[in-house]
Structures are given as C-alpha cells and as structure tokens.
S.K.: 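Have a look at this one.
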Amino acid sequence: MECAAMSCVRRLRPLRATLRLGLGLGLGLPLSRAAARGAGPRTLGTRAEAGAGERPGSGDCAVRIGCASAFWGDTAAAVPQLLYGEKLDYLVFDYLSEITMCLLTAAKVKSPDLGYVPDFVQTAMAPYIKDIHKKGIRVVSNAGGTNPLMCAAALDKMARKAGVDLKIAVVTGDDILGEKETLQGSAVTDMESGNKFPETIKSMNVYLGARPISRALDLGADIVLTGRCVDSAIVLGPLIHAFGWKSNDFDLLAAGSLAGHLIECGAQSTGGIFTDWHLVPDWHNIGFPVLECFPDGQFILSKPPGTGGLVSFGTVAEQLVYEIGDPQHFLLPDVTCDFSQVSITEIPGIEGGAVRVQGAKGSLPSSFYKVSACYHDGFRATAVCPMGGPKATEKGRRTAESILKRTRLMFKEAGLEDYSEVQVQILGSEEIYGAQAKASLNGGPRDVVLWLSVHHKEKKAVEIFSREIAPAGTGMAKSWFDAYASAELGPHAGSLAARSLGNAGLRMSEESLQQYKSASVLVRILASSDGILTRTSEKSMGFIGSYNLIVGGAGVKLVLAVSDSASHCLPSAFCKDQLFHEAGAAAPDSSTAPPGLTAVIGGRPKVSPVLKPFFFLYPKKKVKVDIHLINGKHIETYHEDLTFTLDTLVSPNLPKINEDLKDLPSGSLTYRLEDLAYTRSGDKGNSANIGIIARHPLYYPYLKKFLTAQAIEDYFQHILHKDQPEENSVIRYELPGIYALNFVLKNSLGGGGTASLRSDPQGKALGQMVLDFQIKDVPDLKSLVGG
C-alpha cells in the first residue's frame, strides 16, 4: 500500500495548486468534486453504494476527512474553508468534553428542548447545507450532546426549509441515567478519587465507540448524530464503513483511532497552541486538518491550500501526546491502542506542510464502557478584577482578603456556613510557578489581575459574595476599613456594649440589646448623617456606614464598617479605638483595601451551579444502542460484538529505568527545555498530562536522563494534592517512536473542569510552564545536530 499512498501524495501536489486561488478565509469559489460519490439519494435501511458498487476509498486510493470543530464555540470559518478548499468524503465535528456535557446537562434541565449544540445547526450547517449535500459530503458529529434526537429534529427542520432532503440517523443509548437508583445501592466508586456514588447525579453517559456510527453510514445516512462517544469515533466510524475493517483488525482500528485523535481538536494539529507559535503564519486564517486515509491504516495529515497555520512533525507530535495517559494502553471502546512506536514523517513539497503517520498497534478492548456522570455539588462564582499601580500584587491580595472577610461576617449574620473552598490567584505575579517563579524586582509587577473564586453549598451565600465584588472598586479602593474584635465579657455583654456605643456618641437602649443576649445573633445598627441611631434598612436616606454587634450570652463581638469619605458625618465623640477599649478588647489593625482596582470583568460575578464529573465503568452488555430516523422511527438495535473483548482492565505500564543513560557525556552547558523540546499539556478529570517531544533524536537520551518523574513532581509540587505525603503523584511514560515522554500528574487540577476554582482548570499552561526547566551540565548538544 506504500506505493498507493505515494501515488496519492503525488496527486495532492497539483491539486493544491489548483485549489489555492481565492481561498482567503475559506470563502472562495465552490469547487465541484471530480466524482461526487454518494451525492445521489440514499435510502436508509439499505447499504450505500459508491461508484460501481465499491466502498468509498476502495476504488480511488483514499478516504478524505476534514474536521471543522474542536469544541463548542470553535470558529465559523472552518466549514467554508474545508467545503470549498478541499475535496472531502466526510466532514466531522467534535463538540463534547466533560465540561461541555455538564453545561448541556444544565441546559436540558431548564428545557427539554435543549441539551444539544445549537451552533452546529445554526452556524455550521445552515449556511452551507445545500453545498454539502450537492457535493455528496457526509457529516458525522457528536453535537447531539445530552439530547441527540432534538438536535436531529432541529437539523431536519432547517434542511427542509432550505429545500434539502437529508437522511439523518441518530445514535442513542449513551444515556444511562435510568440506572441511577440501581447504581446508588451498588459499590460503584469514582475511577480517580475512589469516592462513593453521589446522591445528586444529574446525568450519566457512556462513551460509545465507532461501530454504531459505521452502521448508520452502512444504512445510507447523509448525517450521523450522536450523544456521548469517544472523540476519535467520529473518524473511526467512517473508516470502518469505508474500508470494511473487522472487530479483530486491531492494528487498523488503532490506526483509525489515532487519525481521529489527531484531528478531533481541529487546528491544534495544524499550528494552534504550538510551542513555536511565533513560526506559525496567518493565525487569522489557520487551516483546519484534513486526513487522507488508506485501507492499510496509514494516513496523511495536511490542511487546505492557501490557509495559515503549519503542519509539521512538531505540530502533529504535540497533538499525539495531548490528553493521553499510558501510550501503550490507550483505552477505547473499539480497541486498546499502543501509540508508543508511532512515527511521524514530514512530506516535502506540500504547501503548508503534510505528514505521514503510521505504526499504531492495537489489541483487545475492554468489555466495559467508561461512564462520565455529572452530579450537583453546591454553587460557585468567580470575580476577575484588573489591578494597577505600585505593589499591585499586594493590593490584589489585600482586596481579596477584605472581600472574603466582609462576606464571612455577612454569612454569620445570615446563619450560613463558611465557604467550602476559596481560590485566590494574582495573575501576572507568577505565583502559578510556585518555587519556580522569578524574583520580583522593584516591588513586583504594576499590572495584575485578581482571580477570586469561591464555592459554597448554598446559593444564597454565593449571591452575597457576588454582590460584594463591585463595592471593592469604590469603598475599598477609597480606603474602606473593616474593624473586628472579640471579647469575653460575661453576662453583662449587652449593657457594656450599649455603654461603649454611648461613649462614642451613638445611642441605643440597653433593653434593645439585652433581648439578643441569650443567643449569638447579629444586630445591625445604622448611623444617619445626624448621628441618631436607627435600626433600619441600608437603603435609608442618609446612610453613611454600619455598626454590627454580635451579642451572645457569654460575650460580645463588635464590628465596624465605615467609609472614610463619610466619617465627617459621625458624632464628634466617635472613636473606634475607644469603642473597642470600652468593650474590653484592643482595636485591630484596619483591613484597608488599596486603590487601583480598575474593573470587574464581565460585571457582577455569575452564580452558577457546580456540576462535578464522576467516572466509572459499566458493562457493555447492559447498554442498549439504537439507531433512529429523524422522526423517531427506530431502524435497528445495534448489538456490540463482545467476542473480542477483555473482562479485566490492563494494569498500568510502569516505566522502566534505562541504566545506559548513566554513561551519557556531560559538559558545562545549561539549556532551557524549550531549546531541546516541544511540549503540550491537557487534562483528564483531575489529572493533567504533559507531553515532551525531543526536537531531534539526539536530544532524547538527555531528556530521559534529566526529566524523571521525580524531577517533574518537584517542579510542580505546588499544584499537586496528596492524601499521603509519601505517595508518588507523577508517572512517566515513553514514546520512542516520536522521541517523546509523557507525564501524568495525578490530582493536580483542583478537581478539574467545572469542579476546579483555578484559572487553569484543564492544565493548559503546564506545558508552557515547564519550558523553563533547566537541563544542566551537558555538552554542546546543538553542535551534535549542526545547529
């Protein structure tokens, strides 16, 4: 098949020259395909024909697949670019992640008509549906989310309005929420944390494989919509259909899964988020990936001519290590993949670059599906506030402390518990680097962003937090002070408190305080501009500040909150130091928040329910997968072939130590990791992975020697959560085929996804952060490669 592959490469070069004209942003002239295979009407329930009864790809070398979406919210420019700039057999769209499934679950709770990705129907398909159909391009997407039948109905309505008759098939069965009660009484635990099955489960979806998609295509579907499936299935499904790969063609299934893995994140394989980003041209018009796949499992990855971006060994290798764990046991529903010996070879003479990928191996898959569930766990909100001026880091942290202090006092007043979790980050201060942060010079940065995120079991508490962010830009930024003291005053707390206030010129009867003596409650006292004490609403005319007393049977706590700008309206006898002195406690230092908060990004922080992921395994034999027509008519039930499966999971492939690395030549030079390697990081639940690929094979032994699991654990120790201090949090795997290492950092994301309060809940920046790792005492490595 190598000769056939090379033949297609030779045909690719003149094709690109022909298509180059007028693409711009992908909005060039529509180009009809040389053979619009499958463009004629198909009848669902009968096998589709291609050419003279052959499967697509069997008669003219390859199947061509373009990916137009990597996530919900990807650019609308991808579809016209691929539609008019390439000759495709399939156009695929990946929208789902664990976070997206949680969001779609919340949407469906609000309305039974929601739960799918509306952008797929309205933005990706509606403007181009006629040309997609005319060119005979078949579409596969997981845009169905948690409501695939409703997605199909919306798509059909749009197509009929456009005068296009589409055969739309829907794969269902991933939703197993109906098994909730059964599972609650079982011993099911989370695959990562070991936590018990939650009572507040809102959704449960298995990751289906590629064969139901393939079967829907066999039945003649123009468009196949799914709910949750593994991302790579949207590519593997068409390849199984096109090439007739069997359930035990494990190496071929692994190759097709790798092809899907490389393009399902869209432009990430064509120069997006590339380590050498500065070498990638024309970001505004970045090309989306195109696969040319062959029956023997080899494939070529490129992009449309006339587009920006870059396809190279580095860009594609980075995507290979993205979001993987053990590369020798990459577990999928259809096959267990071994990517450790995969090779990526650049093909010269192709505009924009192209690579040939081969070498994936496969073995028996598990007889279990992985399940992604979402459960409700309180509420959250995040305030993002730019801070400017000298000592910006210190000002940002003081502001956060003051907001938290004030809201905690309000929680006590309302009888609410403290926050479940708080995350304070000063973005721009390099604190995310931990011990690796560079020393602050001349007082540190003068421009930072305060990231303040909170989690609480009750919505009311987070709403209080949300309302108290904006005042930090006025009251706190104008030197608002909060004073707080506590004293054990015995049974006469009320009378002493009244006398203390009286000495300050503020009058309140002892009787009115004594009535609160038996219980710890908060009494709010408001001062008006004439100095007369009234217990009224804060919205009263003339309000200038508040005095809070927490009076209990055994003591009193006095709290002040007065703006300096209004202090001239207070009685002349007022003195906060005297007030606390009379109460029997010294006045504390004021918690003055400094000036410099310039805005609250996005306005008042949105209070959102927290839907956390919960992962477990579920037997395939218990899942009923169905294929439907758009009108809900059931075509058939797909029966998973369990003949070639394993009932036990593969044990982790723990790394081996290579003794031969001890004899590597040493020297006096130091390199930053960026000089020697590419990096890419991603997430899986609460774990992150960092892939590190040598820029040259001769650098690889040095990477293996210096980048041990312990070295990476030490570098990122500030983000790792350990239940036991002695446990290892980092595992290192090797991919010698592309001269790469893959590190899995367990419990490193603060819960991960929607469960994390961090500014980087998916570990996207970790690969960039490790670029500053120092490789010391080595010879002149650049001279070894002529650099």
Side-chain angles (χ1 to χ4, degrees), residues 5 8-20 23 25-28 30-31 33-34 37 56-57 60-70 74-75 77-94 124 128 131-132 135-141 231-232 234-239 242 255-256 258-272 280 282 285-294 298-313 315-316 319-320 344-347 349-358:
C8 279
V9 172
R10 287 191 291 269
R11 294 213 306 267
L12 183 63
R13 295 187 179 116
L15 171 65
R16 291 187 175 281
T18 303
L19 296 178
R20 187 181 307 146
L23 284 176
L25 284 172
L27 302 178
L31 297 172
R33 295 174 54 201
R37 75 170 65 95
D60 56 354
C61 187
V63 169
R64 296 180 60 81
I65 303 174
C67 180
S69 176
D74 211 340
T75 176
V79 175
Q81 176 195 102
L82 292 167
L83 179 61
Y84 304 128
E86 282 286 351
K87 291 186 176 183
L88 299 178
D89 300 298
Y90 296 91
L91 188 60
V92 300
F93 299 80
D94 177 33
Y128 312 105
D131 286 339
I132 289 173
K135 289 173 174 288
I137 298 173
R138 303 169 83 174
V139 174
V140 180
S141 177
D231 300 337
S232 57
I234 61 175
V235 169
L236 180 59
L239 295 180
L258 176 58
H261 174 70
L262 290 179
I263 73 165
E264 51 94 359
C265 283
Q268 283 190 191
S269 61
T270 56
V280 180
D282 300 329
N285 186 29
I286 192 166
F288 272 65
V290 176
L291 291 171
E292 200 163 19
C293 302
F294 306 98
Q298 291 189 61
F299 58 90
I300 294 170
L301 193 155
S302 61
K303 64 183 184 66
T307 60
L310 175 67
V311 176
S312 68
F313 168 83
T315 65
V316 178
Q319 186 57 28
L320 194 160
I344 300 172
T345 307
E346 294 184 359
I347 302 174
I350 305 297
E351 179 195 343
V355 298
R356 181 183 297 106
V357 183
Q358 56 190 345

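Source: prediction; values computed, not measured.
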S.K.: For G306, does its backbone N or O pair with a side-chain atom of E351 as donor and acceptor, under 3.5 Å?
M.R.: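 Such a contact is found between E351 side chain and G306 backbone.
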
S.K.: With a 4.5 Å limit on heavy-atom distance, are the side chains of L301 and S269 in contact?
M.R.: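 The answer is yes, as the side chains (C-beta and beyond) meet within the 4.5 Å cut-off.
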
S.K.: Are the side chains of I300 and F294 in contact, using a 4.5 Å heavy-atom criterion?
M.R.: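 The answer is yes, as the side chains (C-beta and beyond) meet within the 4.5 Å cut-off.
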
S.K.: Between atom CG of L262 and atom CZ of F299, what is the distance when rounded to the nearest 0.5 Å?
M.R.: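 With rounding to 0.5 Å, CG (L262) is 5.0 Å from CZ (F299).
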
S.K.: Which heavy atom of K87 sits nearest a heavy atom of R64, and at what distance?
M.R.: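 That closest heavy-atom pairing would be O-NE, 2.9 Å.
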
S.K.: Taking side-chain hydrogen bond (donor to acceptor under 3.5 Å, both in side chains) as the test, write out the residues that go with E264, two or more places apart.
M.R.: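 With sequence neighbours excluded, E264 shows a side-chain hydrogen bond (donor to acceptor under 3.5 Å, both in side chains) to no residue whatsoever.
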
S.K.: Contact between C265 and Q319 at the side-chain level, heavy atoms closer than 4.5 Å - yes or no?
M.R.: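 Side chain of C265 against side chain of Q319, heavy atoms only: contact under 4.5 Å found.
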
S.K.: CG of D231 to CG of L236: how many Å apart, nearest 0.5 Å?
M.R.: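 The CG atom of L236 is 12.5 Å from CG of D231, to the nearest 0.5 Å.
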
S.K.: What are the two closest non-hydrogen atoms of V235 and G260, and how far apart are they?
M.R.: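 Smallest heavy-atom distance, with atoms named: CB-CA, 3.6 Å.
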
S.K.: Rounded to the nearest 0.5 Å, what's the gap from OH on Y128 to CG on L82? Could you check?
M.R.: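 Interatomic distance, Y128 OH to L82 CG, rounded to 0.5 Å: 11.0 Å.
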
S.K.: Let me confirm one number: the OG1-CG distance from T307 to L310, rounded to the nearest 0.5 Å.
M.R.: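 Between T307 OG1 and L310 CG, I get 10.5 Å after rounding to 0.5 Å.
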
S.K.: For the backbone of G287 and the side chain of T270, can you confirm whether one donor and one acceptor N or O come within less than 3.5 Å of each other?
M.R.: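 Checked: pair present.
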
S.K.: Under a 3.5 Å distance rule, please check whether K303 uses its side chain to pair with a backbone N or O of G308 as donor and acceptor.
M.R.: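 Looks like yes, one N/O pair under 3.5 Å.
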
S.K.: Does a side-chain heavy-atom distance below 4.5 Å link Y90 with L291?
M.R.: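 No, too far: nothing below the 4.5 Å cut-off.
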
S.K.: V92 and I234: which non-hydrogen atoms are nearest, and at how many Å?
M.R.: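 Scanning both residues, the minimum pair turns out to be CG1-O, 3.3 Å.
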
S.K.: To the nearest 0.5 Å, how far apart are SG in C67 and CG in D74?
M.R.: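 Between atom SG of C67 and atom CG of D74 there are 8.0 Å.
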
S.K.: Do you know which two heavy atoms are closest between G266 and A70, and how far apart they sit?
M.R.: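 Between these two residues, the closest heavy atoms are N-CB, 3.6 Å.
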
S.K.: If I take atom OG1 from residue T315 and atom CD from residue Q268, how far apart are they, to the nearest 0.5 angstrom?
M.R.: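 Going from OG1 on T315 over to CD on Q268, the span is 11.0 Å.
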
S.K.: If you compare all heavy atoms of A78 against all heavy atoms of A68, which two are closest, and at what distance to 0.1 Å?
M.R.: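 Closest heavy-atom pair between A78 and A68: CB-O, 3.3 Å.
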
S.K.: Applying the side-chain contact (heavy atoms from CB on, under 4.5 Å) test to I65, which of L91, I263, V140 qualifies?
M.R.: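 Checked L91, I263, V140 against I65; only one passes side-chain contact (heavy atoms from CB on, under 4.5 Å): I263.
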
S.K.: Looking at every non-hydrogen atom in both residues, tell me the closest pair between P304 and E86 and how far apart they are.
M.R.: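 In terms of heavy atoms, the two residues are closest at CA-OE2, 3.3 Å.
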
